[in-house]
A.B. asks: 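I have a structure I would like to understand better, so I am pasting it below and will then ask my questions one at a time.
Quick note on labels: first sequence line is chain A, next is B, and so on, each numbered from 1. Computation of the quantities below employed the complete heavy-atom set of this structure, encompassing side-chain atoms and omitting hydrogens, waters and symmetry-equivalent molecules.
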There are 2 protein chains.
Amino acid sequence: MSEPLYKMVYRRVIERIAEGTYPPGAMLPNEFDLAADLGVSQGTARKALSALEDKAIVQRRQGKGTFVVLRTPENSLFHFFRLRTFDGVQVTPEPAKETVIKRKASQNERETLCDHPTHVFEITRVRSFKGQPFCMEQSVVPVELFPGLMERTPLKNALYVMFQQAYSCIVISAEENLHAAIADAELADFMGIEKGIAVLVSERVTRDLLDRTVEMRKGVYVTNELTYFVEMN
Amino acid sequence: MSEPLYKMVYRRVIERIAEGTYPPGAMLPNEFDLAADLGVSQGTARKALSALEDKAIVQRRQGKGTFVVLRTPENSLFHFFRLRTFDGVQVTPEPAKETVIKRKASQNERETLCDHPTHVFEITRVRSFKGQPFCMEQSVVPVELFPGLMERTPLKNALYVMFQQAYSCIVISAEENLHAAIADAELADFMGIEKGIAVLVSERVTRDLLDRTVEMRKGVYVTNELTYFVEMN
DNA sequence: TATAAGTATTCTTATATAAGTTTTAGTGAG
DNA sequence: CTCACTAAAACTTATATAAGAATACTTATA
């Protein structure tokens, strides 16, 4: 057999979400209707929907329905912001400084980001926790994907929520590379932290529903009061 | 309905793996036999087996069968050792120094580790990559769970492989907390690295098939040539 | 050695029934 | 008439079963 039916259903539902037929937060057709629409049985549609739920693309609740995942500040933070207190409590950072510029893409950015953009927006933010700056994040995104981004400043706290609401760009997954470094004078001055302390540096690549690389992000975290949490299975 | 049948099957298969009825690497009964054995239909047994596969407890291959997961040095490294080169290539560290001692458990260890042990083994290792020491790991495990561990020195490179082979303890998941630090004189001297450089420090809690906490591990990594890789979904 | 048939396994699909939610209709009290 | 409560119906996903297809390996045979 070439491709199982349930994978066809899976693909077609993703297409419909991506093209806006099923917008974020919306309820999908029920299993029977979706099955009839695509010419398969309910169980087959169901298998595809379960797979979509596993990938956190839809959310299902018995008796209620199936809904396109909606990025909220809470679940965005939970999924993509890994810093916790020592007690394991999620941190809700306050945004502080923010600058957005438009500039030419570096060669690496042009090669990595989707559609090989010539120009990018660079969003730089310093965030605080309990009044202390602890985090600097620099996001780079293609200009073509987020037109008019600069007019939206100041941007919302949770960037990915805004991506979804304003640009129908649904962030699904990310990869990070971490290493330890020492804050040099420039960084320390910029962030308002002490020079010479150890910081955690992360380089992130972010992907959306269609598996496009929509963001490259560099993060610098002060980890004397917070820790970066990782689960392994 | 109190508990779905497939969850009962799921639990009973885990029990059988834990008690050695299905040892690591062994083939499970096929879907029909398992179903008949437990008084359910093939599809229900299948659903349980799929769930076990999702949790990486068994491995399935069409036409061949279902097998209890076997920890090999390769997949152990892949799952639980997150350091990569900048090219994304998995690192295979060479073990260097190793010391194993038996000592009293700290209060934190007694509270965290399974069965609240009074004594623990502490395994300390310094590992090298391309001749340079880059990693210090200190594992703490309950004495009761791993009797005779000290007589097995020098221990294998991959600790979790040995846990499974010698003690039927199947490591399934782990959580890590990361932070950045600066190598002090004592650490630098012990590891054979330069004093004052930035290091990545991890504190890990490791769980087995029965969700017991079988290990606490502290790791110190030099990340100027390697990075710690994280995936987010 | 190559090829084909046979056997054992998981995978896919379909159908029926159960269980959880919400809406609607009905009923009685005030 | 209106409100509050209840019962029933409708609409949803979840579970269970069964039959046939696809895949992997073994064995027989030319």
A.B. asks: Taking only the side-chain heavy atoms of Tyr6(A) (C-beta and beyond), determine which of dT9(C), dA14(C), dT12(C) contains the nearest atom.
C.D. replies: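 Selected nucleotide: dT12(C).
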
A.B. asks: Mark yes or no for a side-chain to base donor-acceptor pair under 3.5 Å between Gln62(B) and dA22(D), with no hydrogen or angle criteria applied.
C.D. replies: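 Indeed, a donor on one side and an acceptor on the other fall under 3.5 Å apart.
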
A.B. asks: Expressed in angstrom and rounded to an integer, what is the separation of Lys47(A) atom NZ from dT15(C) atom C1'?
C.D. replies: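 Between C1' of dT15(C) and NZ of Lys47(A): 16 Å.
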
A.B. asks: Do any side-chain nitrogens or oxygens of Lys64(A) fall under 4.0 Å of OP1 or OP2 in dT13(D)?
C.D. replies: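 Checking Lys64(A) against dT13(D): no side-chain N or O falls below 4.0 Å of OP1 or OP2.
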
A.B. asks: Students often get this wrong, so: under 4.0 angstrom with heavy atoms, is Thr44(A) touching a base, only sugar-phosphate, or nothing?
C.D. replies: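 Thr44(A): backbone/sugar contact only, no base atoms under 4.0 Å.
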
A.B. asks: Whole angstrom is fine here: how far is it from CG in Asp33(B) over to C1' in dT10(C)?
C.D. replies: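 Result: 13 Å.
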
A.B. asks: How many Å lie between CE on Met27(A) and C1' on dT23(C), as a whole number?
C.D. replies: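 Spelled out: CE on Met27(A) to C1' on dT23(C) is 13 Å.
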
A.B. asks: Nearest whole Å is fine: how far is dA16(C) C1' from Glu31(A) CD?
C.D. replies: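 Checked: the CD to C1' distance equals 14 Å.
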
A.B. asks: With DNA chain C as reference, determine whether Leu28(B) or Val40(A) sits nearer its 5' end, using the nearest nucleotide of each.
C.D. replies: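 Between the two, 5'-proximity favours Leu28(B).
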
A.B. asks: Cation over ring, Arg127(B) on Phe81(B), under 6.0 Å and within 45°?
C.D. replies: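 Geometry flag: set, cation within 6.0 Å and 45°.
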
A.B. asks: Check the side chains of Tyr228(B) and Arg82(B) for a donor-acceptor pair under 3.5 angstrom, ignoring hydrogens and angles.
C.D. replies: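 Looking only at side-chain atoms, Tyr228(B) and Arg82(B) do not form any donor-acceptor pair under 3.5 Å.
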
A.B. asks: Rounded off to whole Å, could you give me the CD-to-C1' distance for the Gln42(B) and dT13(C) pair?
C.D. replies: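 Taking atom C1' of dT13(C) as the reference, CD of Gln42(B) is at 12 Å.
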
A.B. asks: Between Phe80(B) and Tyr160(B), does the ring centroid distance fall short of 6.0 Å?
C.D. replies: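 Between Tyr160(B) and Phe80(B), which both carry aromatic rings, the centre distance is below 6.0 Å.
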
A.B. asks: Have a look at Phe32(B) and say if it touches a base, only the backbone sugar-phosphate, or nothing, with a 4.0 Å heavy-atom cut-off.
C.D. replies: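 Since a base atom lies under 4.0 Å of Phe32(B), the category is base.
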
A.B. asks: With both distances under 3.5 Å as the test, what is the Watson-Crick or G-U wobble partner of dA30(D)?
C.D. replies: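 Check on dA30(D): paired to dT1(C), both distances under 3.5 Å.
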
A.B. asks: Please assess Phe163(B) against Phe146(B) for the test ring pair (Phe, Tyr, Trp, His ring centres under 6.0 Å), listing each intermediate value before the final yes or no.
C.D. replies: CA-CA 8 Å; Phe163(B) 285 180; Phe146(B) 301 102; 4.3 Å; yes

A.B. asks: Let me know the distance between CD of Glu3(A) and C1' of dC11(C), rounded to the nearest Å.
C.D. replies: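 Glu3(A) atom CD is separated from dC11(C) atom C1' by 15 Å.
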
A.B. asks: Regarding Gly65(A), tell me which of base, sugar-phosphate or nothing describes its non-hydrogen contacts under 4.0 Å with the strands shown.
C.D. replies: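 Sugar-phosphate only.
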
A.B. asks: Under 4.0 Å between a side-chain N/O of Arg60(B) and OP1 or OP2 of dT9(C), yes or no?
C.D. replies: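 For dT9(C), neither OP1 nor OP2 has a side-chain N or O of Arg60(B) closer than 4.0 Å.
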
A.B. asks: Could you check how far CE of Met8(A) sits from C1' of dT13(C), rounded to whole Å?
C.D. replies: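 Atom-to-atom, Met8(A) to dT13(C), this comes out as 12 Å.
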
A.B. asks: Is the number of heavy atoms from other residues, nucleotides or ligands under 6.0 Å of Gln107(B) CD greater than 12?
C.D. replies: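 Not buried by this count: 12 neighbours or fewer within 6.0 Å.
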
A.B. asks: With a cut-off of less than 4.0 Å, is there a side-chain N or O of Thr66(B) near OP1 or OP2 of dT9(C)?
C.D. replies: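 Thr66(B) to dT9(C) OP1/OP2: no side-chain N or O under 4.0 Å.
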
A.B. asks: Calculate the interatomic distance between Arg61(B) atom CZ and dT23(D) atom C1'; express it in whole Å.
C.D. replies: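 Result: 11 Å.
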
A.B. asks: Specify the residue among Gly63(A) and Arg46(A) whose closest nucleotide of DNA chain D lies further upstream toward the 5′ end.
C.D. replies: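 The residue closer to the strand's 5' end, by nearest nucleotide, is Gly63(A).
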
